[in-house]
Amino acid sequence: MTLDVQGTTMARLGVLGSGKGSNFVALAHACNAGKIPASIAIVISDVPDAGILDRARALGIPACYLPPGPFRTKLDEQSEEAYVAALRDAGVDYVVLAGFMRVLKGRFLRAYPNRVVNIHPSLLPAFRGLEAWKQALDYGVKVTGVTVHFVDEGVDTGPIIAQAAVMVEDDDTAASLHQRIQQVEHELYPAAVAALVRGELQIEGRKVRRLTRAGW
Ligand code: GRF
């Protein structure tokens with residue numbers, strides 16, 4: 001934690017991403033606007049030329065590529081240690097996944113218990129995994145949406161913090177549906193991360209209780 005100019009406690013966020021980083025930008029703007037009482041201390045990617053790294057550097061936020069190791073869908077043990085070490089060196093209190101395309105395992109999660117969150121582009125538990133908006137479209141559902149959840153060792157299985165619905169239109173393409181889902185993500189994720197760092201969330205088994213009555 002650090003203090004801002006008024007002496008208010010500010011959490012330090014570490015953001016992990018593999019892609020273009022639009023959710024990271026939404027989080028960074030929300031931090032700068034004071035909507036999240038936090039700052040983004042570091043951005044780490046497993047993809048050397050990921051857009052998220054450029055966008056972080058453009059905003060003056062430390063950003064680095066850390067090699068993920070030999071596996072395609074997870075970090076190997078050595079890489080998990082390197083990621084945790086980088087986050088700890090940056091003084092990170094909470095880890096926010098923003099399009100990070102690898103599953104995190106025990107070593108990482110034990111370093112940040114109940115302090116790792118993810119955003120997924122569907123109403124979980126429907127359509128876990130890759131290209132969830134396309135899965136929803138192909139299945140023919142009329143409503144899909146966005147889920148923010150705590151991260152456990154499964155794929156998109158952790159306790160749910162917040163969800164928002166997005167209607168599927170008859171003439172939607174995968175691209176048009178994904179675009180509307182992302183617009184909702186950019187509102188919901190900052191709101192959920194703000195509640196997290198304010199200590200407003202209580203986990204009871206699979207259920208996450210919000211200790212304030214405010215809406216998302
Ligand atoms: C988002 O759609 C998020 O739900 C998923 O990965 C995507 C990341 O997009 N986990 P961006 O890199 O934040 O633009």
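Both counts, for ligands and for their atoms, begin at 1 and track the order of listing.
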(request) Salt-bridge test for K105 and E80: reply yes if a basic N is under 4.0 Å from a carboxylate O, no otherwise. (result) no

(message) How far is atom 14 (O) of ligand 1 from the closest protein heavy atom, and which atom is that?
(response) S22 OG, 2.5 Å

(message) Measuring only between side-chain heavy atoms, which start at C-beta, is L201 closer than 4.5 Å to R209?
(response) no

(request) If you have a sec, work out which protein heavy atom is nearest atom 6 (O) of ligand 1 and how many Å separate them, to one decimal? (result) G99 CA, 3.4 Å

(request) Could you verify whether a donor N or O on one side chain and an acceptor N or O on the other, from Q78 and E81, lie under 3.5 Å apart? (result) no

(message) Show the atoms of ligand 1 that are less than 4.0 angstrom away from any heavy atom in Q182.
(response) 1 (C), 2 (O), 9 (O), 11 (P), 14 (O)

(request) Assert yes or no for the condition that the ring centre distance of Y94 to Y112 is strictly below 6.0 Å. (result) no

(message) Are W133 and V166 packed together at the side-chain level, in the sense that at least one heavy-atom pair is separated by less than 4.5 angstrom?
(response) no

(request) May I ask which of P121, G21, G17 has a heavy atom nearer to atom 12 (O) of ligand 1 than the others do? (result) G21

(request) Answer yes or no: does an N/O atom from E185 fall short of 3.5 Å to an N/O atom of ligand 1? (result) yes

(request) Out of I119, L27, N23, indicate the one that has the non-hydrogen atom closest to atom 5 (C) of ligand 1. (result) I119

(message) Would F24 count as being in polar contact with ligand 1, using the rule that some N or O on each side must be under 3.5 angstrom apart?
(response) no

(message) Could you tell me if the side chain of I44 sits less than 4.5 Å from the side chain of F100, heavy atoms only?
(response) no

(message) Are F150 and I160 packed together at the side-chain level, in the sense that at least one heavy-atom pair is separated by less than 4.5 angstrom?
(response) no

(request) Decide whether the shortest distance between a heavy atom of H178 and an atom of ligand 1 is less than 4.0 Å. (result) yes

(request) May I ask you to check whether G19 has an N/O atom sitting below 3.5 Å from an N/O atom of ligand 1? (result) no

